[in-house]
Amino acid sequence: MLGEKDSPKKPYGTNCSNNGNIKNKKKKKRGGSKRKLSLEQTVAYKSVSEWVFLDNSANSSSAAEIIDDFGVVHWNHPKERLVFDFHCHSIHSDGFLSPTKLVERAHQNGVKVLALTDHDTLSGIPEAQEAAFRFGIKIIPGVEVSTVFYPRGETGSEEPVHILAYYSVCGPTRIEELEKLLLGIRNGRFLRAKSMVSKLNKLKLPLKWEHITKIAGTGVAPGRLHVARALVEAGHVENLKQAFSRYLYDGGPAYSTGSEPNAEEAVELICKTGGVAVLAHPWALKNPVAVIRRLTEAGLHGIETYRSDGKLAVYSDLADAYGLAKLGGSDYHGRDGQHESDLGSVSLPMSSVHEFLKVARPIWFKAIVDILEKYVKDPNDANFHFITKFEKIRLRKGISAFSSASDLINHLLSLWLTKEERLNPELEAIKLKLSALSVSHAQPETDAARTK
């Protein structure tokens, strides 16, 4: 992301020829001969598609669409190209589009799995889930956590590092701990943005704080991109790129730091709360080898190695050296074509997605089991809403169709897990305990209603 992750001196998501030894993708000729998938590719495709379509079989000879009572689209597809995007932003942080509009655009671009990874907040996930169900897209709840890496014996200085955290459909297990961390970061971003405005004013570039908060939107912690937009709107610079290259780049004349946590501690907390930790845009780092080595020791699961212009060989090699999954995403913000990659523009090999899911799915499954176990031990409203927190918008339309919480949870499990996962003995034991409960709960509230 231009602004929150690196300066314009290190572009990514654009056609670069000298950054990270990019292996450019070769365009396939139309009408050419089709190569048969290898056994490894076939296994990877089958496993991934079963997870994406929840056993609705990617081997069917004809496509079909089934809509249940909730308005959820279930797809039954012939073998087709699966498009993933593991990195994007909405207006809940520094994106330009609402989660709904973001999902709509992803659908238009053929994306089947989308991870919403707003900066330091999960607040956009419920709306994204509701929109995604309408379009038959699978949402991975995510967040991009702002951190700082401090050298410890290595050469170099401290630097900002962003960690992508991917969670199960139920979200983090110890959500209070994660939210405390994210809230601290967001509060620090307000102070950081105010410091930037003060520095710009001293540079004879007058900006008003009210202008920044209006651009950011209600309740959104302002970031560098919001300050950059204010500079453009005030006529101080011609475009966002110029705002960063002149004033807001790391160490620039108007740059300020916030209250970001230690990168290693953030990785440890992501793992502790049932998440999968992936290093974002390592090509923006000053000392990527030291960062990757130390974060791997803290529990890092993967790094971004793919972008829209291809695979970056040096980071792919680092992933291999440290046994990390290889991922990538557009980092789309909706800037209307201003030097950024579009949703779904990163071509991830099916083998890479397969390897990532081999790491992620057991972690997510355990997180769901832990959350259900907590409810079984204490079936109160708070623990029930903990299960359904990312489903609350959609559930308000159909919760009355279920006679008990147990029935509703079983229905949700059928939407979240494959048949193999649902037949897991550990989950079967929990479902047996759920069936013994005769509990019903009030309809889940939205965040807005709960804060009134």
Side-chain angles (χ1 to χ4, degrees), residues 39-40 42-60 64-70 72-79 82 112-113 129 132-133 136-141 166-173 274-276 301 325 350 353-379 383-384 386-391 394-395 398-399 401-439:
L39 177 60
E40 182 181 4
T42 300
V43 170
Y45 183 92
K46 185 175 184 297
S47 175
V48 173
S49 59
E50 284 176 352
W51 175 76
V52 173
F53 302 120
L54 293 181
D55 309 305
N56 287 326
S57 182
N59 301 315
S60 172
E65 179 181 315
I66 305 169
I67 303 178
D68 70 9
D69 294 337
F70 277 72
V72 178
V73 181
H74 300 275
W75 295 91
N76 195 13
H77 278 277
K79 188 166 288 188
L82 296 177
K112 293 294 186 292
V113 178
Q129 284 280 34
F133 276 117
I137 290 177
K138 196 179 192 81
I139 290 289
I140 297 176
Y166 301 106
Y167 287 97
S168 79
V169 70
C170 281
T173 50
V276 180
H301 298 99
M350 192 59 61
V353 178
H354 180 50
E355 290 303 315
F356 168 73
L357 289 176
K358 280 167 66 175
V359 173
R361 286 178 64 186
I363 294 172
W364 294 340
F365 180 82
K366 183 180 185 304
I368 291 174
V369 167
D370 289 347
I371 290 170
L372 291 176
E373 280 279 16
K374 185 177 180 180
Y375 174 74
V376 167
K377 291 177 181 177
D378 187 6
N383 286 337
F384 175 73
F386 188 38
I387 297 170
T388 60
K389 58 184 170 290
F390 292 150
E391 300 276 3
R394 186 171 65 89
L395 286 181
I399 193 171
F402 298 93
S403 59
S404 68
S406 175
D407 289 342
L408 175 58
I409 291 170
N410 279 315
H411 176 75
L412 290 174
L413 290 174
S414 72
L415 303 178
W416 296 344
L417 302 174
T418 64
K419 183 178 180 181
E420 181 181 359
E421 288 170 326
R422 296 197 303 274
L423 293 176
N424 180 283
E426 191 174 7
L427 188 60
E428 286 282 283
I430 292 175
K431 287 193 289 185
L432 189 62
K433 294 176 184 177
L434 280 171
S435 65
L437 300 175
S438 56
V439 183

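Values below: all heavy atoms of this structure, side chains included; hydrogens, waters and symmetry mates excluded. These numbers were taken from a predicted model, which means no experiment stands behind them.
In this structure, Leu408 CG and Leu413 CG are separated by 9.5 Å, a value rounded to the nearest 0.5 Å. Note: Phe356 CZ to Arg361 CZ = 11.5 Å, rounded to the nearest 0.5 Å. Atom CH2 of Trp416 and atom OG of Ser168 lie 7.5 Å apart (nearest 0.5 Å). Taking NZ from Lys358 and OG from Ser47, the interatomic distance works out to 8.5 Å, rounded to the nearest 0.5 Å. The structure places OG of Ser406 at 10.0 Å from NZ of Lys431, a figure rounded to the nearest 0.5 Å. In this structure, CD on Gln129 lies 9.5 Å from NZ on Lys138, to the nearest 0.5 angstrom.
Across all their heavy atoms, Thr173 and Gly274 have their closest contact at OG1-N, 3.8 Å. Contact record, His301 with Gly275: CE1-O, 3.6 Å, taken as the closest heavy-atom pair. Closest heavy-atom contact between Phe384 and Ala405: CE1-CB, 3.9 Å.
Applying the salt bridge (charged side-chain N to carboxylate O under 4.0 Å, His left out) rule to Lys433 yields no partners; only residues at least two apart in sequence or on another chain are considered.
Contact check for Leu427 versus Leu417: side-chain heavy atoms found under the 4.5 Å cut-off. For the pair Val113/Leu82, no side-chain contact is recorded, criterion being any heavy-atom separation below 4.5 Å from C-beta on. Side-chain contact check for Tyr375 versus Leu437: some heavy-atom pair is nearer than 4.5 Å.
In this structure, Lys46 contributes its side chain and Val43 its backbone to no donor-acceptor pair below 3.5 Å. For the pair Ser414 (side chain) and His411 (backbone), a donor-acceptor distance under 3.5 Å is present. For Asn383 (side chain) and Pro379 (main-chain N/O), no donor-acceptor pair under 3.5 Å exists by modelled atom type.
A donor-acceptor pair shorter than 3.5 Å cannot be found between the side chains of Thr388 and Glu391.
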Listing, residues 363-373 side-chain donor-acceptor contacts under 3.5 Å, not counting sequence neighbours, or none:
| from | atom 1 | to | atom 2 | distance (Å) |
| --- | --- | --- | --- | --- |
| Trp364 | NE1 | Tyr166 | O | 3.1 |
| Lys366 | NZ | Asp370 | OD2 | 2.9 |

